[in-house]
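Have a look at the structure below, then the notes.
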Amino acid sequence: MATQSTLAAFSDGLTDIFAAEASKKTASLLELAWRRFKRDKLAMAGAGVLVVLTALAILATPISDYLTRYDPNKVNPLFAYKPIGWQRNPEVPINWFGTDDLGRDVLTRIIFGAQVSLFISFLTVCFTVSIGTVSGALAGFFGGWVDTLISRFIDILLSVPGLFLLLLVSIVFRPPWWGLAFVIASVSWMGVARLVRGEFLGIRARDYVDAARVVGAPNMRIIFRHILPNAISPIIVAASLQIGGVILTETALSFLGLGVQPPTPSWGNMLTNAQRFIDIESARGLLFIPGTFIFITVLAVNFMGNGLRDALDPRLKE
Amino acid sequence: MTKFLFRRLIQAVPTFFGITFIVFFLINAVPGGPTSDLILADPNIKAEDVARIRASLGLDKSVPERYVIFLSGLMRGDLGTSLIQRGVKVSEMIGDRLPKTLLLTGTALALALLLAVPMGVFSAVKQYSKFDNFSTILSTAGAAIPSFWFAILMILIFAVELRWFPTGGIVDIRKSEIEIGDVVWHLVMPAFTLAFLNVALWNRYIRASMLEVIRQDYVRTARAKGLHERLVIFKHTLRNALIPFATLLGLSLPGLIGGALIIETIFSWPGMARLAFTAATQRDYPVIMGVVMMASVLTIFGNLLADIAYSFLDPRIKYS
C-alpha cells in the first residue's frame, strides 16, 4: 500500500514535470494555430463581427440610455409601423430602424435581442459540451455496459426528430429564457458525446494511459489529466461549429412562441408577427432587420468555426 | 439481406420502446394536465367535478399504471382517443394529417435530391468554375439563413408582391371540391422552402465526395481505356460518391421532419406539426404520444431505407 502511494506521488511529480514541459509546447502549438487562424480572412472577419455584436450585447443598457435613447419595452401605439430612419420631431431621438407594431424602437430591441440570443447560445453550447463530454468520456473510457447504456440512450434520442422533442420539452416545462439553454442543450448534446466517445476509445489504448494506470492513477485522473487534454481540439471545433445551429434553433423556438417570451426581445420573437404586417409597406424593416441580424451572426459564427477547425486540426481541412 | 433487414427491424424495437418510455414520463413529469384549463375556464368548478373528469379520462391512476395501459393499447394497435376532442381516435387524427405531412416532406425530399445531385456533380466536375463559386456562396448562405425567415421572405416575394402562389393552406377554401392542380399550386412554396435548406447542405456533400472519388485510380483507368467522360462521371464516379451520401440522407430525415414543423406553421399546412402543436399546448397526452411515435417511426424507417440504399449502391457491402 505504502509503496503504491509513494509510486503514485512519484508519478505525480513526474507528470507535473512533464506537464510543465508540455505547457511550454502547448503555448507554441496555440501560437501556431493562432497564426493559421489569422491568415484566414473570412474567419477573422467573422470573429470581428462577433466581437462587435458581443460588445453591443454587453453594453446594451448604456447604449439604450445614451445612444438610441429609447427603452426597449416602451410602448407607443400612436407611432407604430414607422419606417427606417423615422423621427417624430427634431426634439426626440431618431428611430434608426423604425418602430414595431407597438411603436417600440426596433434598434434598441435588436440590441437587447442580441443580449438575449447570444447569451442563450453561449450558455447552450457550454451545457452541450459539458453533457456531451462527460457522457462521451464515461462511455468511451469504461466501455462495457456503461457504453451500451449511454450509446443506446443516444440512439433513442437521435431517433426522435429534434424539433418535436424541443416542442415537447418547452411546452411541458415552459422554461424561463435562461432555462431555454438547458432545454436546447438537452436535445443537442448527442453529437459531441459520440465524438468524445470515439476520441476516448482511440486514446485509452495508448501506452501512456496504460503507464498512468500502472502507477496507480485513479480513473478520474486518467480521464481528466491524461485523455481529455488530448481530445480537446476536436471538442472545441465541434462546439464552435455548433453555435450557428444553436442560434438558429433558439430563434426558431422564439419565433414559434416557445422560446423567449415577449416582452423580452429576442431576434426570433421579433419576427413572430412578421407575417401579420407583411402587407404594411412602411413596416418592411420589421421583416428584414431581425432576420438579417440572425443571418449575419450565424454566418460569422460559421466562418469563425471553419477557421478554428482549419487552425486547430489541419488534418480535417477540406 | 433479408436476414440483415430482419435483424435491423428487431434492433429498432427496443429503440422504439425507449422512445415511448422517455416521452411518456417526460410529458407526465410536470403537474397539471388537460384538466388544468378547466379551472381556468371556470374558477367556481368544484374539486369533486375535476376529480370526476380526471377519473373519466383515466388520469386518476399513477403514471406507471397509465404507461402500462398505454403499452397494452399499443400492442393491440390502439393509440387511444383524444382527451380534448372526446371520442376521436388518435389514429384517425394522425391518419388525417400524416398523408399531408408526407406529401410535403416527400416532395421536398425529391426536389432537394433533383437539385442537389446535379449541382454537386457539376460543381465537382468544374471545380472552381463560376458555377462552383456560386453554389459555394449559395450553400454558405443556406446554412446560415433561418428557415422561418426564408419562408417569410418567400411569401413576401412570391405571394404578396408577385402574387404567383398562395400565402398558405393546402387548397383554395373558396372552391367546393379538391382539385389536384390546386393542391400542387399550394404545395410549390412550402416544398421548395423546405427543399432549399437541404440542397444547400447536400450539394456541398456530394461535391466533396465526388472530388474524393474522382481522384481514385479506377476513375483514371476508366478514362485511360477511353470511356466516354459522361460514363466515367455518372457510372464510375457518381455511383460511388453516392454511397456515403445515403447515410447522410438517412441522418437528415429527422431534420427534414422537424423542419416541416416550422414550414407547416408558417404556410398553415394542415400536417402533423400543427396537430403536435395544439396537442402539446392542450396537454392532450394520447395525441402527443401518437405524433411523436409516428415521427420517430418515420425516422427509424428512414434509417433502415438508407441502409438498404447503402447495400444497393455498393455491391461490396454484403449483409449476412
Side-chain angles (χ1 to χ4, degrees), chain A residues 42 46 152-153 155-174 186-187 191 241 244-245 247-258 267-268 271-272 274-275 278-279 281 284 287-288 290-303 306 318, chain B residues 11-12 14-19 21-23 26-30 32 140-141 143-153 155-156 159-160 167-168 204 208 211 251 253-262 265-266 272-273 276-277 279-281 283 288 291-292 295-300 303:
Chain A
L42 277 178
R152 287 288 105 193
F153 190 61
D155 286 345
I156 290 171
L157 283 186
L158 283 176
S159 308
V160 189
L163 264 175
F164 275 83
L165 212 55
L166 268 180
L167 175 91
L168 250 178
V169 178
S170 50
I171 286 180
V172 171
F173 289 99
R174 293 231 164 266
S186 70
V187 301
L241 288 175
I247 296 176
L248 289 179
T249 310
E250 184 271 316
T251 50
L253 271 185
S254 300
F255 171 78
L256 291 173
L258 302 172
W267 292 346
L271 279 164
T272 305
Q275 254 175 312
I278 205 162
D279 275 325
E281 207 71 50
R284 281 291 140 84
L287 227 68
F288 290 121
T292 311
F293 270 87
I294 303 171
F295 180 56
I296 289 176
T297 311
V298 178
L299 211 56
V301 171
N302 287 352
F303 282 150
N306 284 335
E318 276 179 68
Chain B
Q11 274 173 359
T15 310
F16 181 76
F17 282 106
I19 295 169
F21 184 82
I22 292 173
V23 175
L26 192 67
I27 54 179
N28 285 293
V30 172
T140 318
I145 202 163
S147 56
F148 54 95
W149 190 52
F150 183 69
I152 294 173
L153 292 184
I155 293 178
L156 176 67
V160 177
T167 52
R204 282 297 83 185
L211 284 174
L251 284 177
L253 267 178
L256 202 67
I257 297 167
L261 196 103
I262 293 173
T265 311
I266 296 174
M272 286 218 301
F277 216 95
T281 7
R283 300 283 186 84
I288 304 175
V291 173
V292 178
S296 313
V297 166
L298 282 182
T299 308
I300 297 174
N303 282 328

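Every chain is numbered from 1, with letters handed out A, B, ... down the list of sequences.
Taking CD1 from B:Ile22 and CG from A:Leu165, the interatomic distance works out to 8.0 Å, rounded to the nearest 0.5 Å. The OG1 atom of B:Thr15 lies 11.0 Å from the CG atom of A:Leu157; values are rounded to the nearest 0.5 Å.
For A:Thr292, the parts lying under 4.5 angstrom from a heavy atom of chain B are both the backbone and the side chain. Only the side chain of B:Leu153 comes within less than 4.5 Å of a heavy atom of chain A; its backbone N, CA, C and O stay farther away. Heavy atoms closer than 4.5 Å to chain A are found in both the backbone and the side chain of B:Ala141. B:Ile152 touches chain A through backbone and side chain together, each having a heavy atom under 4.5 Å away. Looking at A:Phe288, both its backbone and its side chain come within 4.5 Å of chain B, counting heavy atoms on both sides. Of the two parts of B:Phe150, neither the backbone nor the side chain holds a non-hydrogen atom closer than 4.5 Å to a non-hydrogen atom of chain A. The contact between B:Thr140 and chain A is made by backbone and side chain atoms together, counting heavy-atom distances below 4.5 Å. In this structure, chain B has a heavy atom under 4.5 Å from the backbone of A:Leu158, while its side chain stays farther away.
The residue among A:Thr251, A:Val301, A:Asp155 with the most heavy atom pairs within less than 4.5 Å of chain B is A:Thr251. Of the listed residues (B:Gly259, B:Gly18, B:Ser147), the greatest number of heavy-atom pairs within a distance under 4.5 Å of chain A belongs to B:Gly18. Across B:Ile257, B:Ile19, B:Leu156, the residue that shares the most heavy-atom pairs under 4.5 angstrom with chain A is B:Leu156.
Minimum interatomic distance between B:Gly258 and A:Pro161 (heavy atoms only, all atoms of both residues): N-CB, 4.2 Å. Residues A:Asn302 and B:Ala144 approach most closely at ND2-CB, 4.3 Å, considering heavy atoms.
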For A:Leu256 and B:Ile262: C-alpha separation, side-chain torsions, deciding distance, then whether side-chain contact (heavy atoms from CB on, under 4.5 Å) applies. CA-CA 8 Å; A:Leu256 291 173; B:Ile262 293 173; 4.2 Å; yes
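Side-chain contact between B:Val23 and A:Phe164 is absent, with no heavy atoms from C-beta onward closer than 4.5 Å.
Note: A:Phe295 and B:Trp149 have tilted aromatic rings, judged against thresholds of 30 and 60 degrees for the angle between ring planes.
Listed by chain and number, the residues in a side-chain contact (heavy atoms from CB on, under 4.5 Å) with A:Leu248 are A:Ile294, A:Val298, B:Pro146 (sequence neighbours excluded).
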